[in-house]
Amino acid sequence: LEAGGGLVLGSEPLAQFENEYYRGIKIRPAVKFYLRRAEKKDVYLSLVIKNHIIRHAEYRSVTRQGNQYSEWLLLERRLNLWSGLICVGFQNYLGSNQRFLLETYFGVGRRRLSVSEADFPADATDFENRDFNWLWQQNNPGVTFRPDIALSFCIGWAGRKPVVSQPLP
């Protein structure tokens with residue numbers, strides 16, 4: 001079993017305008033099934049579930065009251081992503097006592113993305129063209145299901161020397 005998590009913070013310095021942000025939490029539990037355990041390299045399959053809860057505020061142009069005038073507003077969107085992946089990974093143990101860890105994995109799966117406009121005015125129409133959707137992006141409010149791809153590279157320190165077992169026949 002493995003559990004991972006993270007925070008998305010500090011996006012304000014990268015924003016184009018003041019008060020824009022992109023922040024939230026990420027949770028990633030996984031179950032690993034080791035196919036090969038060796039002194040210096042492990043190979044595994046894993047089932048991974050991802051959940052990202054993101055709040056994103058940006059300035060957007062909207063038209064108001066039946067296109068009578070346009071306005072530039074700071075609008076917040078809420079994104080909630082759930083994903084299930086099947087991954088194959090490799091753990092390499094390096095150093096004199098094999099405790100320095102390099103891990104890579106690749107996974108494919110399915111993703112559910114829910115986008116909601118938190119404070120979009122009732123009489124407003126989005127002036128910007130937001131219909132472009134790529135493989136994992138969604139700009140318009142609603143729920144979409146898309147393929148999901150994960151590619152990861154991790155560097156770490158093993159708490160103890162890995163257990164070496166005989167390969168399966």
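As the structure is a prediction and not an experimental result, all values here were calculated from the model.
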J.: Could you list the residues that satisfy ring-ring contact (aromatic ring centres under 6.0 Å, His included) with Tyr105, not counting sequence neighbours?
T.: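 Per chain and number, Tyr105 pairs via ring-ring contact (aromatic ring centres under 6.0 Å, His included) with no residue.
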
J.: Could you tell me the separation between the CZ atom of Arg146 and the CZ atom of Arg111, rounded to the nearest 0.5 Å?
T.: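 Interatomic distance, Arg146 CZ to Arg111 CZ, rounded to 0.5 Å: 9.5 Å.
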
J.: Can you find a pair of side-chain heavy atoms, one from Phe120 and one from Leu73, that are under 4.5 Å apart?
T.: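 Side-chain contact under 4.5 Å: no.
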
J.: So, for Tyr44 and Gln91, which heavy atoms are closest and what is the spacing to 0.1 Å?
T.: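 The answer is CE2-CG, 3.9 Å.
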
J.: Parallel, tilted or perpendicular: which describes the rings of Tyr59 and Phe17, with under 30° parallel and over 60° perpendicular?
T.: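 Aromatic pair Tyr59/Phe17 classed perpendicular.
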
J.: Take a 6.0 Å sphere around CG of Leu74 and say whether it holds more than 12 heavy atoms from other residues, nucleotides or ligands.
T.: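 Atom CG in Leu74 is crowded, with more than 12 foreign heavy atoms closer than 6.0 Å.
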
J.: Kindly determine whether Tyr22 and Glu58 satisfy side chain to side chain donor-acceptor pair (under 3.5 Å), including the steps that lead there.
T.: CA-CA 9 Å; Tyr22 185 90; Glu58 66 179 344; over 6 Å; no

J.: Flag yes if more than 12 heavy atoms outside Lys32 fall under 6.0 Å of its NZ atom; otherwise flag no.
T.: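 Check passes, neighbour count above 12.
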
J.: Any side-chain heavy atom of Leu75 sitting closer than 4.5 Å to one from Pro121?
T.: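 Answer yes - side chains close enough.
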
J.: What pairs with Gln65 under side chain to side chain donor-acceptor pair (under 3.5 Å), at least two apart in sequence or on another chain?
T.: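 In terms of side chain to side chain donor-acceptor pair (under 3.5 Å), with neighbours along the sequence ignored, Gln65 is linked to no residue.
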
J.: What are the two closest non-hydrogen atoms of Gly24 and Ile54, and how far apart are they?
T.: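 What the structure gives for the nearest pair is CA-CD1, 4.0 Å.
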
J.: Who passes salt bridge (charged side-chain N to carboxylate O under 4.0 Å, His left out) against Lys50, sequence neighbours left out?
T.: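 Result, salt bridge (charged side-chain N to carboxylate O under 4.0 Å, His left out) vs Lys50: Asp148.
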
J.: Please go through Leu102's hydrophobic cluster and name the other residues, only I, L, V, M, F, W, Y counting, with side-chain heavy atoms under 4.5 Å joining them.
T.: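 Leu102 clusters with Leu94, Phe100, Phe153, Ile155, Trp157.
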
J.: Donor-acceptor check, side chain of Ser83 to backbone of Arg110, threshold 3.5 angstrom: yes or no?
T.: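 Yes; at least one donor-acceptor contact below 3.5 Å.
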
J.: Apply side chain to side chain contact (heavy atoms under 4.5 Å, CB included) to Ile86 and Leu47, showing your working.
T.: CA-CA 5 Å; Ile86 298 174; Leu47 299 173; 3.8 Å; yes

J.: Just verifying a value: how many Å separate Arg55 CZ and Arg78 CZ, rounded to the nearest 0.5 Å?
T.: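 CZ of Arg78 is found 4.0 Å from CZ of Arg55.
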
J.: Just verifying a value: how many Å separate Ile49 CD1 and Arg28 CZ, rounded to the nearest 0.5 Å?
T.: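 Between Ile49 CD1 and Arg28 CZ, I get 11.0 Å after rounding to 0.5 Å.
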
J.: Under 3.5 Å, side chain of Asn51 to main-chain N/O of Leu81, donor-acceptor pair present?
T.: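 Flag set: sc Asn51 to bb Leu81 pair under 3.5 Å.
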
J.: Could you tell me the separation between the CZ atom of Arg60 and the CD atom of Glu76, rounded to the nearest 0.5 Å?
T.: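 CD of Glu76 is found 11.5 Å from CZ of Arg60.
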
J.: What heavy-atom pair brings Gly107 and Cys87 nearest, and what distance separates the two atoms?
T.: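 Taking Gly107 first and Cys87 second, the nearest heavy atoms are CA-SG, 3.6 Å.
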
J.: Under the salt bridge (charged side-chain N to carboxylate O under 4.0 Å, His left out) rule, collect the residues that match up with Arg112, sequence neighbours excluded.
T.: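 With neighbours one apart ignored, the set is empty.
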
J.: Which ILVMFWY residues can you reach from Ile27 by hopping between side chains whose heavy atoms are under 4.5 Å apart?
T.: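 When side chains under 4.5 Å apart are linked, the cluster holding Ile27 also contains Leu7, Leu9, Ile25, Ile53.
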
J.: Using the rule given for side chain to side chain contact (heavy atoms under 4.5 Å, CB included), can you reason through Asp42 versus Phe90, listing the C-alpha separation, both sets of side-chain angles and the distance that settles it, and then say yes or no?
T.: CA-CA 6 Å; Asp42 296 338; Phe90 305 92; over 6 Å; no

J.: So which atom in His56 and which in Tyr21 form the shortest heavy-atom distance, rounded to 0.1 Å?
T.: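 Looking at all heavy atoms of both residues, the closest pair is CD2-O, 3.2 Å.
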
